[in-house]
Amino acid sequence: MENNFKIAVPEGCRAEIKQENGFLVVTFEPEKWEPKDGDVCVSDRNTIFIFNGNDGRKTALHFALFNDGKTTYGGALNGNDPTGYRYATEEEKQRLFDALAKEGKRWNAEEKRIEDLPR
């Protein structure tokens, strides 16, 4: 007999499925945060930023960040705990990109740089 079930995996998690004593056991674990330059991420303080490496002390550097209605370009995320960082959702990415556009800027993912919007 064939039975199919769909289980939603929470965003930012991965699922591990194993069989034990005739049952399927599903475990959800947060994805490990290992961003690459240009990934859009969120800090433990809900700061949305475009990752630009780290300074060797686990402090993330950014191309641009958006928090509390303010946009900042280039620098480090001071005072944040990198263990709480995660990848941004599509909605969070859009909030950052909208903030950039409001200032006449955009993210060029191919060249990994912030640039002025064409006039």
Side-chain angles (χ1 to χ4, degrees):
M1 177 163 89
E2 182 178 317
N3 289 314
N4 294 310
F5 297 95
K6 290 185 179 182
I7 300 172
V9 178
E11 191 166 329
C13 292
R14 64 180 188 82
E16 181 181 308
I17 302 171
K18 57 186 170 184
Q19 189 171 348
E20 287 182 6
N21 300 322
F23 292 92
L24 287 178
V25 179
V26 181
T27 306
F28 299 109
E29 294 180 7
E31 291 178 353
K32 188 173 180 183
W33 190 71
E34 293 182 8
K36 298 180 284 307
D37 286 354
D39 284 346
V40 181
C41 302
V42 178
S43 77
D44 58 335
R45 295 185 182 172
N46 294 318
T47 299
I48 307 166
F49 64 100
I50 303 171
F51 186 76
N52 185 17
N54 66 49
D55 67 358
R57 298 177 307 219
K58 293 188 176 181
T59 301
L61 304 176
H62 64 81
F63 289 101
L65 69 76
F66 178 71
N67 190 18
D68 292 331
K70 297 177 186 170
T71 308
T72 305
Y73 302 97
L77 276 77
N78 296 323
N80 290 327
D81 177 9
T83 60
Y85 295 170
R86 61 177 172 77
Y87 297 102
T89 64
E90 290 304 315
E91 179 181 292
E92 291 164 331
K93 290 177 188 179
Q94 194 58 54
R95 284 186 17 224
L96 172 62
F97 298 147
D98 289 347
L100 293 175
K102 196 173 186 178
E103 294 189 4
K105 307 280 185 191
R106 70 176 177 193
W107 171 241
N108 182 328
E110 191 173 298
E111 296 183 23
K112 295 195 176 22
R113 66 179 184 169
I114 301 293
E115 56 190 24
D116 293 331
L117 284 171
R119 296 186 186 254

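Sequence positions, counted from 1, serve as the residue numbers for this chain.
Annotation: side chain to side chain donor-acceptor pair (under 3.5 Å) contacts involving residues 105-114, sequence neighbours excluded, comprise K105-D116, R106-E115, N108-E115, E111-R113, R113-E115. The side chain to side chain donor-acceptor pair (under 3.5 Å) contacts involving residues 91-102 comprise R86-E92, T89-E92, E90-K93, Q94-D98, where partners must be two or more places apart or lie in separate chains. Note on residues 12-23: pairs passing salt bridge (Lys or Arg N to Asp or Glu O under 4.0 Å), not counting sequence neighbours, are R14-E29, K18-E20.
Taking CD1 from I50 and CD1 from I114, the interatomic distance works out to 4.0 Å, rounded to the nearest 0.5 Å. Distance CD/E34 to OH/Y85: 15.5 Å, rounded to 0.5 Å.
Partners of N52 according to the side chain to side chain donor-acceptor pair (under 3.5 Å) rule, which considers only residues two or more places apart in sequence or in another chain, do not exist here.
Two residues are said to be in side-chain contact when any heavy atoms from C-beta on lie closer than 4.5 Å; D37 and F51 meet this criterion. At least one side-chain heavy atom of E2 sits less than 4.5 Å from a side-chain heavy atom of N4.
Grouped with V25 in a hydrophobic cluster is no other residue, since no side-chain heavy-atom contact under 4.5 Å to another Ile, Leu, Val, Met, Phe, Trp or Tyr is found. Listed by chain and number, the hydrophobic cluster partners of F5 come to none, as no ILVMFWY side chain reaches under 4.5 Å of it. L117 shares a hydrophobic cluster with no other residue; no ILVMFWY side chain has heavy atoms under 4.5 Å from its own.
When the side chains of ILVMFWY residues are joined at heavy-atom separations under 4.5 Å, either directly or via intervening members, F97 and V42 end up in a single hydrophobic cluster. When the side chains of ILVMFWY residues are joined at heavy-atom separations under 4.5 Å, either directly or via intervening members, F23 and I7 end up in two distinct hydrophobic clusters. Note on I48 and L100: same hydrophobic cluster, where clusters join Ile, Leu, Val, Met, Phe, Trp and Tyr whose side-chain heavy atoms are under 4.5 Å apart, directly or indirectly.
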Table please: side-chain donor-acceptor pairs of residues 60-74 below 3.5 Å, with sequence neighbours left out.
{"unit_1": "H62", "atom_1": "ND1", "unit_2": "A64", "atom_2": "N", "d": "3.4"}
{"unit_1": "N67", "atom_1": "ND2", "unit_2": "T47", "atom_2": "OG1", "d": "2.9"}
{"unit_1": "Y73", "atom_1": "OH", "unit_2": "E103", "atom_2": "OE1", "d": "2.7"}

